[in-house]
Amino acid sequence: MTRDTADSTGGAMTLERAGTLDLIGVDFRLELGFGNGYRVQLESECTVTDRSGSTAVVDPDRKDSLLPVLRLFGAELVRSSTENGVLTLIFDGGDTLVAGPDAEFESWQVSGPKGRPTRTEPQTGSTSTGTGTGKIGRAHV
C-alpha cells in the first residue's frame, strides 16, 4: 500500500523537479539524494534497467549488487510515479529504477523538502501515517 502521508486523500507524491542524483548513501538501506531536497530510501530489493534494456536486481543487504545504482550518480531524474505500491524513477540517460512492495517491510520511502514522506507499507501491513516512533524502513508493522 502506498500513501502520501502529507495528503489526507491518500494520493501519491511525485518527485517533481527533484533534480540531479547528487548523493548515494549506503548503510542497511540505500539513500538517494536529489539536488532539490528530495530523498528516496530503498530498503528492499529493486531493479535497475539501463538504456540498453539490461536489468539488474539491487539489494541494499548485498553491497556487491549496488553498482547499477552507483552508475546513476549525477543523472537527472526526469519522471517518477507511484502506483499500487511500486515506485518508478526514470533518469535522463534512459535508466529506470523500480522498487515494489515487500511482504514484510517498508521497501521504499520518498520525502520532499517539505511535508511528510510517502512510503510503501508491507503488503499485509496497515497504512502509514508518517508519525509515531520516528523509525523508518525495515520495521515490522
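Only this structure's heavy atoms are used, side chains among them; waters, hydrogens and symmetry mates stay out.
- Rounding to the nearest 0.5 Å gives a distance of 8.5 Å between CZ of R29 and CD of Q109.
- With hydrogens and angles ignored, the 3.5 Å screen pairs no side-chain donor or acceptor of K63 with any backbone N or O of V26.
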Please report, to 0.1 Å, the donor-acceptor pairs under 3.5 Å made by any side chain of residues 91-99, with sequence neighbours excluded.
residue, atom, partner, partner atom, Å
D92, OD1, E76, N, 3.3
D95, OD1, R51, N, 3.4

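- Only one option out of L70, V58, D59 pairs with L30 in a side-chain contact (heavy atoms from CB on, under 4.5 Å); it is V58.
- Looking only at side-chain heavy atoms (C-beta outward), T82 and W108 come within less than 4.5 Å of each other.
- Taking 4.5 Å as the limit, every side-chain heavy atom of L32 sits out of range of all side-chain heavy atoms of L23.
- Qualifying salt bridge (charged side-chain N to carboxylate O under 4.0 Å, His left out) partners for E31, counting only residues two or more places apart in sequence or in other chains: R39.
- Judged purely by distance below 3.5 Å, without hydrogens or angles, the side chains of S107 and D102 never pair a donor atom with an acceptor atom.
- The side-chain contact (heavy atoms from CB on, under 4.5 Å) with L89 is formed by just one residue from the set L72, L77, L42, L21; it is L77.
- Looking at T49 and T55, their side chains do bring a donor and an acceptor atom within 3.5 Å of each other.
- Taking hydrophobic clusters as Ile, Leu, Val, Met, Phe, Trp and Tyr residues chained together by side-chain heavy-atom distances below 4.5 Å, L66 shares a cluster with F73.
- The CG atom of L87 sits 7.0 Å away from the OG atom of S80 when rounded to the nearest 0.5 Å.
- By the side chain to side chain donor-acceptor pair (under 3.5 Å) test, T88 is found to be paired with no residue, residues two or more places apart in sequence or in another chain being considered.
- With hydrogens and angles left out, the side-chain atoms of S52 and D50 include a donor and acceptor closer than 3.5 Å.
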